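Have a look at the structure below, then the notes.
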Number of protein chains: 6
Amino acid sequence: MATDPDPLQDFCVADLNGVPSVNGYPCKPPSSAGDEFLFSSRATKGGDPMSNLNGSNVTELDVTHWPGVNTLGVSMNRVDFIPGGTNPPHIHPRATEVGLVTRGELLVGIIGSLQSGNRYYSKVLKAGETFVIPRGLMHFQFNVGKEEASMVVSFNSQNPGIVFLPLTMFGSSPPIPTPVLAKALRVDAEVVDLIKSKFTGGY
Amino acid sequence: MATDPDPLQDFCVADLNGVPSVNGYPCKPPSSAGDEFLFSSRATKGGDPMSNLNGSNVTELDVTHWPGVNTLGVSMNRVDFIPGGTNPPHIHPRATEVGLVTRGELLVGIIGSLQSGNRYYSKVLKAGETFVIPRGLMHFQFNVGKEEASMVVSFNSQNPGIVFLPLTMFGSSPPIPTPVLAKALRVDAEVVDLIKSKFTGGY
Amino acid sequence: MATDPDPLQDFCVADLNGVPSVNGYPCKPPSSAGDEFLFSSRATKGGDPMSNLNGSNVTELDVTHWPGVNTLGVSMNRVDFIPGGTNPPHIHPRATEVGLVTRGELLVGIIGSLQSGNRYYSKVLKAGETFVIPRGLMHFQFNVGKEEASMVVSFNSQNPGIVFLPLTMFGSSPPIPTPVLAKALRVDAEVVDLIKSKFTGGY
Amino acid sequence: MATDPDPLQDFCVADLNGVPSVNGYPCKPPSSAGDEFLFSSRATKGGDPMSNLNGSNVTELDVTHWPGVNTLGVSMNRVDFIPGGTNPPHIHPRATEVGLVTRGELLVGIIGSLQSGNRYYSKVLKAGETFVIPRGLMHFQFNVGKEEASMVVSFNSQNPGIVFLPLTMFGSSPPIPTPVLAKALRVDAEVVDLIKSKFTGGY
Amino acid sequence: MATDPDPLQDFCVADLNGVPSVNGYPCKPPSSAGDEFLFSSRATKGGDPMSNLNGSNVTELDVTHWPGVNTLGVSMNRVDFIPGGTNPPHIHPRATEVGLVTRGELLVGIIGSLQSGNRYYSKVLKAGETFVIPRGLMHFQFNVGKEEASMVVSFNSQNPGIVFLPLTMFGSSPPIPTPVLAKALRVDAEVVDLIKSKFTGGY
Amino acid sequence: MATDPDPLQDFCVADLNGVPSVNGYPCKPPSSAGDEFLFSSRATKGGDPMSNLNGSNVTELDVTHWPGVNTLGVSMNRVDFIPGGTNPPHIHPRATEVGLVTRGELLVGIIGSLQSGNRYYSKVLKAGETFVIPRGLMHFQFNVGKEEASMVVSFNSQNPGIVFLPLTMFGSSPPIPTPVLAKALRVDAEVVDLIKSKFTGGY
């Protein structure tokens with residue numbers, strides 16, 4: 001899946017102080033890129049999954065946190081979950097994702113497009129099990145176990161992007177007009193406003 | 001935006017009776033493709049926008065309705081709206097879209113990803129005005145006028161796919177478990193079940 | 001059809017005052033991009049089709065006229081024709097095109113490559129009808145009706161380019177040597193020079 | 001320049017007896033592909049440049065003549081010229097070309113698109129000199145020497161296609177209507193018909 | 001990095017009994033694809049790293065072992081190592097790789113191209129640490145710890161391929177002539193033949 | 001094969017004094033690009049093949065030597081060989097290569113990946129014969145004739161990169177630890193150190 005332009009050099013370590021360019025950050029001169037840009041220790045520790053209402057926390061390994069992946073067409077994330085925590089329904093507009101559960105038990109759900117009959121595919125995965133999310137399809141993870149759970153995922157883009165659907169529908173800035181959502185969800189304005197009230201602070 | 005493989009021939013008119021292949025339909029032999037496969041009259045008439053609860057109707061010009069676009073990396077749609085009708089919030093997982101309002105007045109809304117601050121961009125467009133939807137971002141149209149409205153859109157993929165978000169979250173088959181959605185939406189199960197009840201019949 | 005690199009962000013509104021970069025214009029900072037870059041009213045009015053010898057006028061919606069399409073791999077054009085006006089035989093070197101006739105009657109002609117037997121495909125299209133032009137193939141439109149005609153076309157590149165063939169062969173700067181064209185066209189130098197004389201002023 | 005999909009295997013030797021597939025020929029089983037499919041002797045001898053009115057002859061090394069390039073995104077041609085012979089103005093819709101003059105003296109001409117001011121770039125090249133033709137731009141070669149000349153060119157597509165412009169404008173099948181060409185060329189119908197009469201037999 | 005064609009559908013579960021096509025396996029009909037093709041348990045258990053001379057064992061999750069990744073442009077591997085075991089210097093011709101050490105301590109080495117000065121980048125990584133290998137560059141892993149070690153890697157191609165360099169140079173079938181390797185390595189034929197004798201049985 | 005992003009303009013002549021950008025050099029303003037950037041005379045003369053231990057010499061026509069190919073996705077090389085000279089086993093990480101022998105007799109060897117059974121394909125080619133090297137596969141040339149030999153090759157990337165395998169394994173900077181190579185090659189440390197000693201000065 002061709003989600004990024006091809007690189008034109010072996011590496012192009014991002015100069016995060018540079019002005020972001022059209023297709024990624026400019027490259028640091030090799031002499032100042034150091035020896036360790038192809039490696040990262042950032043995923044050894046997860047964020048605090050109790051710090052937000054979702055009960056999950058994403059530790060990103062994209063170009064802003066791992067400058068060595070600049071132009072290489074890949075990036076990673078670690079996500080940690082408390083029991084009952086969720087990585088809410090979302091879509092990556094620019095990448096396919098493969099993931100590995102590294103501890104605990106996660107319900108992984110993926111929903112096909114209209115052309116695939118809105119079919120819901122799901123499975124409870126344990127440590128060592130893997131999943132694949134085709135580009136642009138809605139998916140979520142939910143910790144159905146009694147312990148914390150973690151996963152590490154990879155993308156075939158250095159900047160896959162993320163569209164959290166509840167937040168995008170109910171917590172955009174400025175908000176989508178309530179009549180639009182009421183019509184779309186086929187419910188009264190009160191229901192829409194109730195949900196909107198839950199997302200006034202973002203994630 | 002590279003959403004389809006490049007063609008390896010001028011045209012490859014889809015043989016819709018053939019077994020669908022990995023990257024599109026097989027090509028008809030030129031001798032049986034006829035003279036008119038590069039043209040279509042299908043968008044001259046819209047579907048009935050009163051035939052469903054959204055108050056809108058999509059007339060598709062993709063490879064299954066216009067075999068001549070097979071392998072060419074493009075497709076089109078015509079959409080018709082009654083006053084108050086909507087093309088509900090949705091995402092095309094495999095294409096960027098450009099659109100032209102051909103009659104009436106449409107509110108077009110587009111919401112950026114988390115990385116773009118979930119910003120909501122919107123405008124009421126009249127006939128002759130155009131819009132662009134970056135690949136994978138959520139968007140909708142809503143007829144805010146007193147007359148019927150129509151638009152014609154183009155995609156840079158022959159099969160962009162569509163993920164209608166209300167239907168995908170609340171009307172998948174089988175359904176996403178209610179506790180997952182309640183957690184994600186931060187509401188009680190009753191609210192989720194209410195919305196789910198509106199989508200039992202699909203679109 | 002992969003005619004542009006993929007974007008690495010949701011949008012990258014062109015800073016037309018910036019130095020053009022390798023793969024498009026640099027991005028404006030989001031704070032100065034405004035709220036309306038995804039919309040354009042430029043196609044609501046066509047140019048004057050009587051202002052040139054072709055009897056047609058192109059209103060471009062590419063990145064220089066619609067900075068919001070920068071890096072998104074799409075662009076549009078509106079073309080207006082007087083009766084008997086033509087969009088002369090031309091080729092887009094970097095994009096496939098889909099088009100919609102919005103008023104009047106246009107003869108649309110498309111000629112296959114040598115490998116397709118130089119086959120000429122044509123049809124008179126009326127408002128609402130559509131056509132597709134595979135990347136790099138020669139095509140033209142000609143207003144065969146008694147009224148003005150218009151069309152709106154979309155490309156799967158933000159910069160498809162245009163090679164008008166009469167102008168390119170007979171009006172380049174400096175000119176192609178006459179003996180080269182005489183040999184290629186299999187006619188005397190006088191014929192070539194006659195045609196060249198029609199294009200000394202460009203289009 | 002991304003003109004072909006990426007291969008998904010080391011090689012996929014074309015089974016020319018197979019039904020052509022969407023993105024190339026099916027692969028022969030390795031056991032019957034033999035040991036020499038990565039090599040070709042076809043370019044050691046040119047065709048007869050006196051066999052046609054152009055005074056040039058193309059020896060193709062594309063997938064139909066060199067099955068080993070199937071899916072690899074490259075192909076080659078050898079072209080031979082008598083003195084005064086020409087490879088008439090043409091366009092490759094699906095590839096950039098690089099070429100090497102292997103004997104003689106060739107005038108190589110390349111014309112930029114409208115966006116590049118229809119600028120004509122040209123040079124007389126001798127054996128060992130090279131040229132590059134950006135995808136989709138019009139170009140020609142003309143033997144300005146007193147001896148035969150030859151060149152070998154490479155494409156970054158396994159099927160670049162060729163649109164010979166005089167033949168395409170004046171010798172398509174069926175022909176483009178004369179009034180269309182007269183308007184486009186700004187000459188009388190007689191001039192168009194004269195040129196058309198030179199191409200009734202194709203190339 | 002664009003190493004695979006884009007998909008034209010949500011999923012295309014490989015029918016491994018089908019004839020392999022140009023760009024992947026044909027799709028199973030959705031009705032027979034089942035519910036679990038997006039998930040795999042294959043990486044929960046590693047292969048026996050003592051079963052070969054390298055002291056490492058690769059458990060592949062590519063399309064032949066995980067048909068659900070067909071056309072999605074991604075694949076994975078699990079590799080297990082005994083102490084002192086190595087995944088010998090190798091290159092993936094069609095993908096960039098990102099990896100996660102899941103237990104133990106691995107020396108990961110990556111060598112830049114000539115253009116990058118043949119620079120050797122290396123680090124000993126522990127569980128939770130990650131690395132990235134730009135497409136086509138030579139790299140290896142070596143278990144420098146006292147315990148078994150494991151890693152899980154992801155590729156941005158469904159079929160990245162692998163070129164093990166010692167095996168390719170010294171154990172191809174038929175063998176590369178000894179004088180070629182002696183010249184390339186700048187040693188006597190005896191040294192080449194000695195190394196060749198170690199690879200007569202392949203890996 | 002999609003090894004470079006597509007161009008967004010006809011040409012973009014490299015400004016080699018500019019700061020190298022993410023996907024190539026910035027473009028010179030057309031007014032200062034001159035008239036000859038699409039042509040090069042650099043390949044008319046080869047380098048001295050006796051100037052190094054390989055007995056071969058590469059004359060590069062990539063973007064740094066031929067600024068006109070910038071962003072066009074192609075580049076070339078001329079290589080000259082003394083009798084017994086070799087272009088040692090190497091890999092281009094970012095391009096497929098097609099080549100033409102222009103004088104002499106060259107043994108061309110190409111070795112498939114593990115998935116292709118490490119099969120060794122080879123042939124002695126004479127002037128006018130051609131070969132193709134799939135992206136990322138190991139290959140070499142060796143002058144088996146009694147005279148000097150030359151070839152001209154083309155790549156489908158403007159910066160294919162080169163990984164010379166003996167140099168990369170035995171002459172990186174800093175060196176790969178000897179125990180790693182001894183394990184990989186299945187020989188004693190002395191053998192590894194002997195070969196290493198031949199590459200202390202690079203190529």
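Note that the structure is a prediction, hence the values are computed from the model and not measured. All values below come from the heavy atoms of this structure, side chains included, with hydrogens, waters and symmetry mates left out.
- Note that CE of D:M138 and NE2 of D:H92 are 12.5 Å apart. Values are rounded to the nearest 0.5 Å.
- The distance from the OG atom of D:S122 to the CZ atom of D:F142 is 12.5 Å, given to the nearest 0.5 Å.
- Most heavy-atom pairs under 4.5 Å with chain C: of the set D:P88, D:P166, D:P174, this distinction falls to D:P174.
- Remark: side-chain polar atoms of D:S172 are not paired, donor with acceptor, to backbone N or O of D:M169 under 3.5 angstrom.
- Counting heavy-atom pairs under 4.5 Å between each of D:T86, D:I162, D:N54, D:L107 and chain C puts D:I162 at the top.
- Only the side chain of C:V191 comes within contact range of chain D, with heavy atoms under 4.5 Å apart.
- Both the backbone and the side chain of C:I176 come within less than 4.5 Å of a heavy atom of chain D.
- Contacts with chain C were tallied for D:K183, D:K198, D:R186, D:H90; D:R186 has the most, counting heavy-atom pairs under 4.5 Å.
- If you tally non-hydrogen atom pairs under 4.5 Å between each of D:V144, D:V187, D:T168, D:L194 and chain C, the highest count goes to D:T168.
- A distance of 3.5 Å separates OG of D:S154 from CE of D:M76, quoted to the nearest 0.5 Å.
- Put simply, the side chain of D:S40 gets close to the backbone of D:R42: a donor and an acceptor are under 3.5 Å apart.
- Contact tally against chain C (heavy-atom pairs below 4.5 Å) for D:N87, D:V163, D:I91: the top residue is D:I91.
- With contacts defined as side-chain heavy-atom distances shorter than 4.5 Å, the pair D:H139/D:P89 does not qualify.
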